[in-house]
Q: 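Below you will find the structure I want to go over with you.
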Amino acid sequence: MLAETKRPKAIDPAQFDHRLFHWWPCRDVGLFADLRKNGSARMGVLMAVFIREAHVEDKDALGALKLRSSLAWGDHIEELQALPEAREVPIAHVPHAIVAELEGEIVGFVTVLSGKGAMQAILEDLFVAPEVWRMGVGRKLLAEAEYRAAMLGARTLHVVAGERARPFYEAAGYRFAGTIAADFAPAVRLLKDLL
């Protein structure tokens, strides 16, 4: 039996934006998972992620999440800890960031910037808390980033990613567009046609 979940209070269905809520089926058994604050998953409970615009007061939390997510791979730990940009989100990027919240906690964010020319956008950052990796948060943020880029008039969305993230983007329809030098290892440029 599934436990009761918090649902939006009496909302006019015509004004309810269904993109704001995402109900996750658990990958293995088709039930639902609820992530507890201690990181343990419990079967049988629905959870909803809320997507919203980032606020200036989120800046420090986004920076901390960016560093924690980067360190979770276990690569280049000392270099990342010494690199100020690894724990910072520029204040100019905050108005372009989209946040994912779970039970009031920020568990991910994505930043979409205008590219060179009106026909492209750049996915600058996409970071998800390690405890919710592989639970759909990244896919939800990526879909929202693509939607917002298209609403800005972009026809393509570009991203530079490490090799570990490449399969995630390719599974979402991004295609290889080249290799570039990055701070610690080569990275790939990927792009997706939005229209």
Side-chain angles (χ1 to χ4, degrees), residues 5-24 34-35 37 46-70 72 84-161 165 168-169 171-174 190-195:
T5 62
K6 296 178 184 175
R7 298 233 182 227
K9 295 180 182 172
I11 294 176
D12 177 2
Q15 301 202 359
F16 181 68
D17 186 350
H18 295 281
R19 292 177 302 115
L20 298 178
F21 291 91
H22 180 70
W23 304 96
W24 288 310
D34 178 25
L35 186 73
K37 290 192 187 223
L46 294 175
M47 63 181 183
V49 65
F50 179 70
I51 301 295
R52 65 169 175 83
E53 302 284 335
H55 306 294
V56 173
E57 49 278 1
D58 296 327
K59 183 181 177 302
D60 291 339
L62 299 180
L65 175 61
K66 180 178 179 180
L67 180 62
R68 191 162 55 93
S69 179
S70 298
E85 298 87 38
R87 69 177 46 78
E88 295 175 358
V89 173
I91 194 73
H93 289 189
V94 173
H96 308 285
I98 304 157
V99 169
E101 286 186 339
L102 179 61
E103 295 181 357
E105 299 289 325
I106 295 175
V107 294
F109 75 97
V110 64
T111 306
V112 179
L113 303 174
S114 296
K116 296 177 184 174
M119 301 306 246
Q120 62 180 304
I122 299 166
L123 194 153
E124 180 67 21
D125 289 321
L126 194 160
F127 290 97
V128 174
E131 61 272 14
V132 295
W133 282 357
R134 301 184 111 2
M135 296 180 74
V137 175
R139 285 189 307 274
K140 181 69 174 169
L141 285 168
L142 185 58
E144 187 65 21
E146 292 169 358
Y147 171 79
R148 301 226 178 165
M151 292 297 102
L152 291 172
R155 292 182 182 234
T156 59
L157 185 57
H158 297 252
V159 64
V160 173
F168 167 77
Y169 289 107
Y174 287 75
L190 301 153
L191 63 90
K192 181 175 183 178
D193 295 322
L194 300 175
L195 300 176

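No hydrogens, no waters, no symmetry mates; every other heavy atom, side chains included, goes into these values. Positions are given from 1, in the same order as the sequence printed here.
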Q: Tell me whether Ser69 contacts the main-chain N or O of Val128 through its side chain, where contact means a donor paired with an acceptor under 3.5 Å.
A: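 Present.
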Q: Assess whether salt bridge (Lys or Arg N to Asp or Glu O under 4.0 Å) is satisfied between Arg148 and Glu144, documenting all intermediate values.
A: CA-CA 6 Å; Arg148 301 226 178 165; Glu144 187 65 21; 2.7 Å; yes
Q: Considering non-hydrogen atoms only, spot the tightest contact between Gly138 and Leu126 and give its length.
A: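 Result for this residue pair: O-CD1, 4.1 Å.
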Q: For residues Gly63 and Val89, report the shortest heavy-atom separation together with the two atoms involved.
A: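 Looking at all heavy atoms of both residues, the shortest contact is N-CG2, 3.9 Å.
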Q: Val49 and Ala100: which non-hydrogen atoms are nearest, and at how many Å?
A: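 Minimum heavy-atom contact is CG2-CB, 3.6 Å.
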Q: Given 3.5 Å as the limit, does a donor-acceptor pair link the side chain of Lys192 with the main chain of Ala172, or not?
A: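 Flag set: sc Lys192 to bb Ala172 pair under 3.5 Å.
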Q: At their closest point, which heavy atom of Ala154 faces which heavy atom of Leu194, and how far apart are they?
A: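 Here Ala154 and Leu194 meet closest at O-CD1, 3.7 Å.
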Q: Using 0.5 Å steps for rounding, measure from the NE2 atom of His55 to the CD1 atom of Ile106.
A: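 Interatomic distance, His55 NE2 to Ile106 CD1, rounded to 0.5 Å: 8.5 Å.
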Q: Using the salt bridge (Lys or Arg N to Asp or Glu O under 4.0 Å) criterion, which residues pair with Lys59? Sequence neighbours excluded.
A: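 Lys59 satisfies salt bridge (Lys or Arg N to Asp or Glu O under 4.0 Å) with no residue once adjacent residues are dropped.
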Q: So which heavy atom on Leu113 is nearest to which on His93, and how close?
A: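 Closest approach of Leu113 to His93: CD1-NE2, 3.6 Å.
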Q: State, to 0.1 Å, how close Thr111 and Ala97 come at their nearest heavy-atom pair, and which atoms those are.
A: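 In this case the closest contact between Thr111 and Ala97 is OG1-CB, 3.8 Å.
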Q: Under the rule for side-chain contact (heavy atoms from CB on, under 4.5 Å), what residues qualify as partners of Ala165, not counting sequence neighbours?
A: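 side-chain contact (heavy atoms from CB on, under 4.5 Å) check on Ala165 returns Ala161, Tyr169.
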Q: Going from CG on Leu157 to CG on Leu191, what distance comes out if it is rounded to the nearest 0.5 angstrom?
A: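 So the CG of Leu157 and the CG of Leu191 are separated by 9.0 Å.
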Q: Measure the CD-CG distance between Glu88 and Leu62 for me, rounded to the nearest 0.5 Å.
A: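 Nearest 0.5 Å value for the CD-CG distance: 12.5 Å.
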Q: With a sphere of 6.0 Å drawn around CZ of Arg87, does it hold more than 12 non-hydrogen atoms of other residues, nucleotides or ligands?
A: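 More than 12 heavy atoms, drawn from other residues, nucleotides or ligands, come within 6.0 Å of this atom.
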Q: Rounded to the nearest 0.5 Å, what separation is found between the CG atom of Leu123 and the CG atom of Leu142?
A: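 The CG atom of Leu142 is 6.5 Å from CG of Leu123, to the nearest 0.5 Å.
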Q: Between CD of Glu53 and CG of Asp58, what distance do you get to the nearest 0.5 Å?
A: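 Glu53 CD to Asp58 CG: 11.0 Å, rounded to 0.5 Å.
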Q: Walk me through it: do Phe127 and Arg68 pass the test side-chain contact (heavy atoms from CB on, under 4.5 Å)?
A: CA-CA 9 Å; Phe127 290 97; Arg68 191 162 55 93; over 6 Å; no
Q: What is the distance from atom NZ of Lys66 to atom CG of Asp125, rounded to the nearest 0.5 Å?
A: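 Here the interatomic distance stands at 4.5 Å.
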